[in-house]
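Here the structure is laid out as structure tokens; the discussion comes afterwards.
Small disclaimer: the values here were computed from a predicted structure and weren't measured.
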Amino acid sequence: MSPPLPPGNAVSGKMLSLAFAAVVGSFLVTNLIVQRSSAAVGELSEGIIYNSAPSIERLASVRRSVLEVELLLTRFIHEPMLRPELGGSLETALAQVEQGMREYLILPSFPGEQSVRIGAEASWLRFDHAVRDARAAVEAEGDAKASALFKGEVEPLGRQTLEAITSAIEYNAVRGREMAERIHETRRHTMWLANGLNAFCGILAVAVAWLLYRVARARRVLFDAHTKSLEARAAELEQFAGRVAHDIRNPLSAARLAAEIVVRKSSDEVALGNIQRIIRSLSRADAITGALLDFARSGARPDPGARTEPRAAVEDLVSGFSAEAEQLGIELHAEPVPPVLAACSTGAYLSLLGNLVRNAIKYMGDAPVRRVTLRVMVEGGMIRTEVRDTGPGIASEILPSLFEPYFRGQAVGADGLGLGLATVKKLAEGHGGRVGVTSERGKGSTFWFELPRAGSSWERSETGNNASLPRPSDVQH
């Protein structure tokens, strides 16, 4: 039987037990903090995914439809020959306003949002009534009465409706920004606590090692076997502390990373299911917003002073897609680009061209000849950029719908949100340009967009006073 421990070593043994308990407690507290943070981030993320973002999307659609209604009603009043056709279009636009408002009103509301919703709904109903009165006046009392109603009621109520919708959009944007800031603050606070616990665990590990060394030195002869057991426990404890330090070094650098750490550490099946749902929601939120944001940005007012050099942008884009194209056995080629400047930002030009190149690579299919060619040409004051592929081509009946939002024809693949080509169209038209496509089944397709040309002394110095730039008519198709 081993002799009893001296009083000093007995105290060291108690301290060792307390230190070990503190390490385990720190680990459990860290897991609890991560779980609570993940739950909070998940709740805030769902508020953005299922409330703020859909509300903004619906309200933006309503705002566009209200403007369309005003335009159609003006034409209905002043273009009698087109009234049969415009009447149907006007009803369709009113129905779109109603549908968008109904979809917004059935979404969950934030605290305090009800008054904003009531104001938006009331403004819309008054506007709808005024539009229908003006249309009825055209048919019953003549154009003069309808024009007076339009100026006296429809226009003011339209402005009120747009202001109410804008207020609702701003309200949801503010709530979304607040939730994003709370996610950021939660991450920051959790990282601060986790780093503190890491440091605490490190100090405890050093203290445990020191205590173990003290006990082992004092009882080396009498308790050799016991000392070896303590050393084994010390090594085990150091590995444990190392694992803790590794797992929670930066546990919340992103909300999804925090959730994944909990998945790896938790054994509760119910909690795992909830956390997996949070991870899927975060991944899905990342994808939808990207697409809708690009789509939303595509409708923003361009910077009138923006300039970009297509030649540099094309070189950069070809370099970025070359690895993907090579992996798929596709030859990605850019023809010489004339030294011109386009009246848009570099980001907008890369978004336009990148969407077209990505589609060309993505839908190459099993074409025997696998080539994507980029071409930039100048015609007068416009710069035309083409992306020609040798893919399977597109059925003629769906060509008119390709640039519509959310269109995903089976002939061209049905994955994604269907916003890529719609973004190209909105961006190009927003910059004063246009888009188009030609295609022949079995021979490939050519997508193109045109942007205004931005003149500069740089162009003149690059091309020379007597030089001329190629025009589409000069290039062999």
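Residue pairs meeting the ring-ring contact (aromatic ring centres under 6.0 Å, His included) criterion with at least one partner in residues 62-100, sequence neighbours excluded, are absent. Listed by first and then second residue, the side chain to side chain donor-acceptor pair (under 3.5 Å) pairs involving residues 146-157 amount to none (not counting sequence neighbours).
For Glu185, the salt bridge (Lys or Arg N to Asp or Glu O under 4.0 Å) criterion is met by Arg188, not counting sequence neighbours. With sequence neighbours excluded, the residues satisfying side-chain contact (heavy atoms from CB on, under 4.5 Å) with Arg358 are Phe321, Asn355. Shown here are the side chain to side chain donor-acceptor pair (under 3.5 Å) partners of Ser61, two or more places apart in sequence or in another chain: there are none. Looking at residues two or more places apart in sequence or on another chain, you find a side-chain contact (heavy atoms from CB on, under 4.5 Å) between Asn172 and Asn51, Ser52, Ser55, Ile56, Leu59, Tyr104, Phe110, Glu113. For Arg132, the side-chain contact (heavy atoms from CB on, under 4.5 Å) criterion is met by Glu91, Leu94, Asp128, not counting sequence neighbours. With sequence neighbours excluded, no residue satisfies side chain to side chain donor-acceptor pair (under 3.5 Å) with Thr373. Applying the salt bridge (Lys or Arg N to Asp or Glu O under 4.0 Å) test to Glu79 and every residue at least two apart in sequence or in another chain returns Arg75. Listed by chain and number, the residues in a salt bridge (Lys or Arg N to Asp or Glu O under 4.0 Å) with Glu315 amount to none (sequence neighbours excluded). For Glu178, the salt bridge (Lys or Arg N to Asp or Glu O under 4.0 Å) partners are Arg175, not counting sequence neighbours. Every residue meeting the side-chain contact (heavy atoms from CB on, under 4.5 Å) condition with Glu450, not counting sequence neighbours, appears here in chain and number order: Met382, Arg384, Arg434, Trp448.
Of the candidates Leu71, Leu157, Leu162, Leu162 is the only one forming a side chain to side chain contact (heavy atoms under 4.5 Å, CB included) with Val66.
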